[in-house]
K.L.:
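My questions all concern the structure below.
Letters A, B, ... are given to chains in the order of the sequence lines, protein chains preceding strands, and every chain is numbered from 1. Predicted, not measured: the structure shown is a model, and the values here were computed from it.
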Amino acid sequence: MNEKFLKPYNPSETEGRIYKLWEESGFFNPDNLPAKRYTPVRTDVHPGGLDARRFSIVMPPPNVTGVLHMGHALMLTLEDSMVRFKRMQGFKTLWLPGTDHAAIATQSRVEKDIYKSEKKSRHDLGREEFLKRVEAFAKQSHDTIISQVKTMGASADWSREAFTLDPKRSLAVRTMFKEMYADGLIYRGHRIVNWDPKGQTTISDDEIVYQEEKTVLYYMKYGPFTIATSRPETKFGDKHVCMHPKDERYRDYKDGQKIDLEWINGPITATVIKDEAIDMEFGSGVMTITPWHDRADFEIAERHKLPREQVIDEYGKLLPIAGEFAGMKITEARQKVVRKLHDKGLMVKEEPYTHNLATAERTGGIIEPQIKLQWFIDVNKPIAKRKNKTLKEIMHEAVASENIKILPEHFEKTYFHWIENLRDWCISRQIWYGHRVPVWYKKHGTDTEVYVGIEVPTGDGWKQDPDTLDTWFSSGLWTFSTLGWPEKTKDLELYHPTDVLETGYEILFFWVVRMILMTGYALGEVPFKTVYLHGTVRDGQGRKMSKSLGNGIDPIDIAKKFGTDAGRMALIVGNTPGTDTNISEDKIRGYKNFANKLWNIARFVIENTKGEELLPDFSAYTPADATLRQERHDLLVDVTKDMENYRFYMGAEKLYHYAWHTFADKILEESKGILQGGTAEEQKSRKQFLLHTLDKILKVLHPFIPFVTEEIWQLWKNPSTKEGMLMVAEWPISKSL
RNA sequence: GCGCGUUUAGCUCAGUUGGUUAGAGCGUGCGAUUCACAUUCGCAAGGUCGCAGGUUCGAUUCCUGCAACGCGCACCA
């Protein structure tokens, strides 16, 4: 027996070495898996001769913005467990890793750093220099993240690693943009968008976070009417007063009627507008509209073809239309406008009011709706090459047809609900880091020629659109851009659609739906068959981990302190899909002890079976051992079912319980007597049972706790070839259930 | 406002299609332990399965209503 077993299991001495062993074997790459077991050609199942027994997952690419957190650790643990399980089952298994450039997040992070150290803005540096800085940061951050992903034991194929902004993915992005433009799905137009004054860019509806704000609702005199607003500082240009056509209180006022009245900065002429969008119950049932800075107002103005005027600039300051208030920040202007309204006798009353304030997810900036010329994806346009279905319909059908299953199932309702409310997707961003919009303009007198293409146009005078694309545009292509699209590669044919997309539920709308959209459009198929959504990892008391609370747990610290396996097991057990999970050092410590328990189980079995070889076909078990063998078999069948049905939380717990409280506590204890006082037959039977059980336990636990199981396996079996590694050993329940 | 989820032991949570005495980990109490175990083992205490109805031979599980908490979406000036 190896001397190592005389000491407790030491993860920090083991894990790096074992990972290296796996990596050097080449088996992370499915092309290198031993042909005999992994490439049964099943032309009957998959016409064209491709291997039907293949399994693929693309890794949700971590952002190159920071370091690995517990959410990543959970994602990696679940996916690695799936991948290792399938690999052992003999599937040609690909787990394709990568990272995301995370445009806004990365750019704002670097901007902040530069401002801190040099007091310079990106404009001080210029586009080219700034991008150099971002790329340097991204590179460094990438290296950190990747090494941390490896620390978690991820058996991903690094030879296929991708980055959302590398040349191949950029080609995919430009190709997609061009195709969608040609099909009329991508268009450019003046629309009201979410403007983030802090980040100096538009953002999509999904990048908004609403925060409750206690504020004041001001009632003001507007000629014969009383109007209510929480934002008096935007009202300078309001020259249209709206009410519901059926509102009896205002039946004497006709649509289009002109009314002269005294307003903030002097007399104006207002026009009456009747529109059904007005809520008669709210306030006085009358409102003025500010089409440039409010979506609902914008829509009313569109319906009635009303002029629109900008009141607030891109930095949140008032424009000359505000008269004496021009140049002020809106927060400052509000108080002064209120005072003036009081002075002029236009203020009727003030009421406390609670509403939701829209803020930018990444920068925290307060969103100011603005009308801007932007690029959009039309989600309601019939697509000729997709049987005249719209993108909305494509997304809806993918899940309604059960071509995609979402776990847990109730998220399917949330998914449909989201699609119903979906508006055109604004994809252009006024930031510098990211995929530049592949559109070039050339002026011919007053006309502008537009070129949309993959390559830079030839000839002089072309200027590229300054904007970049929403980072989710490139992430939306992830399942197929990573496999080589737009080229028709063997990988694409073999591994797409992927089998599982495993990610956090908070990212369902950002990412999962956009992959379904992009893939449905580009390939006419689904990007994956199953979506497994995991919950948020919280602290031991169920609080969100945050810097300010200081309650964060760093997966890399955990790996050092307790071992990666302990952290992985703690993340798996009791963690059902879609539900948040609490994790504490106490829980992790428990699984560190489990790794050590397994270590000692191995020591006991090896020590007590000296001279006995594991006989694969042994069947001369005593009746008692035959019963134990049947129980073990039933358990493994059960666990295999759990694995195939994504009940990892349950499979892992059952194995933990069996290994510790059945095998160790009962069977090993009982074996002490048999091995000393039993007959030769009894001893032989029991030794075989112990050897077989250790062998199988190591195999089935390997997907969850790969390091300690592989280490024991290596010390015990001392395999002469890399094919003898536990990582590629055969799953003990042979048939797929 | 619309929708979704949760409510089970002191704490954190499981409980797959309704079926014996409802489970785990941690914690607590008692005992054992140089014999695989940087510890471990044995035993024990502890639950009206949120509340009220309904379906059923039988409900923690299915249905309805209510309550508390959490989340998502939308938003009214």
K.L.:
Regarding A:I227, tell me which of base, sugar-phosphate or nothing describes its non-hydrogen contacts under 4.0 Å with the strands shown.
P.N.:
nothing
K.L.:
Taking the side chain of A:L668 as its heavy atoms from C-beta onward, which of B:rU12, B:rA36, B:rU16 lies nearest to it?
P.N.:
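For A:L668, the side-chain atoms sit closest to B:rA36.
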K.L.:
What contact category does A:K7 fall into here, base, sugar-phosphate, or nothing, at under 4.0 angstrom with non-hydrogen atoms?
P.N.:
nothing
K.L.:
Which is true for A:A296 with a 4.0 Å heavy-atom rule: it touches a base, it touches only sugar-phosphate, or it touches nothing?
P.N.:
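Sugar-phosphate contact only - A:A296 comes under 4.0 Å of backbone atoms but never of a base.
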K.L.:
So, are A:E276 and A:R303 salt-bridged, with charged N and O less than 4.0 Å apart?
P.N.:
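No salt bridge links A:E276 with A:R303.
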K.L.:
By nearest atom, which of the nucleotides B:rC13, B:rG42, B:rC76 is closest to the A:D279 side chain?
P.N.:
B:rC76
K.L.:
Can you tell me which nucleotide in B:rC13, B:rC75, B:rA36 comes closest to the side chain of A:R295?
P.N.:
B:rC75
K.L.:
Salt bridge (Lys or Arg N to Asp or Glu O under 4.0 Å): which pairs involve residues 216-227 of chain A, sequence neighbours left out?
P.N.:
none
K.L.:
Output the distance between atom OG1 (A:T640) and atom CZ (A:F85), rounded to the nearest 0.5 Å.
P.N.:
5.5 Å
K.L.:
Set out, line by line, the N/O atom pairs under 3.5 Å between protein and nucleotides 62-73 of chain B.
P.N.:
residue, atom, partner, partner atom, Å
B:rC73, O2', A:N421, ND2, 3.4

K.L.:
Give one of base, sugar-phosphate or nothing for A:T576, where a contact means two heavy atoms less than 4.0 Å apart.
P.N.:
sugar-phosphate
K.L.:
Ignoring hydrogens and angles, are the base of B:rA74 and the side chain of A:E420 linked by a donor-acceptor pair under 3.5 Å?
P.N.:
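By the distance-only test, no, there is no pair.
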K.L.:
So, A:D580 and A:K544, do they make that salt bridge, N to O below 4.0 Å?
P.N.:
no
K.L.:
How is A:R647 classified with respect to the nucleic acid when contacts are heavy atoms under 4.0 Å: base, sugar-phosphate, or nothing?
P.N.:
base
K.L.:
Could you please name the option among B:rU40, B:rC76, B:rA36 that lies closest to any side-chain atom of A:F282?
P.N.:
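Nearest to the side chain of A:F282 among the choices is B:rC76.
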K.L.:
Consider only side-chain N and O atoms of A:D206 and A:W472, and report whether a donor and an acceptor are under 3.5 Å apart.
P.N.:
no
K.L.:
Give each protein N/O atom lying under 3.5 Å from an N/O atom of nucleotides 24-30 of chain B, with the pair distance.
P.N.:
residue, atom, partner, partner atom, Å
B:rG25, OP1, A:H661, NE2, 3.3

K.L.:
Can a side chain N or O of A:N575 be found less than 4.0 Å away from OP1 or OP2 on B:rC13?
P.N.:
no
K.L.:
Output yes when at least one side-chain N/O atom of A:N593 is less than 4.0 Å from OP1 or OP2 of B:rU40, else no.
P.N.:
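It does, given that an N or O in the side chain of A:N593 lies less than 4.0 Å from OP1 or OP2 of B:rU40.
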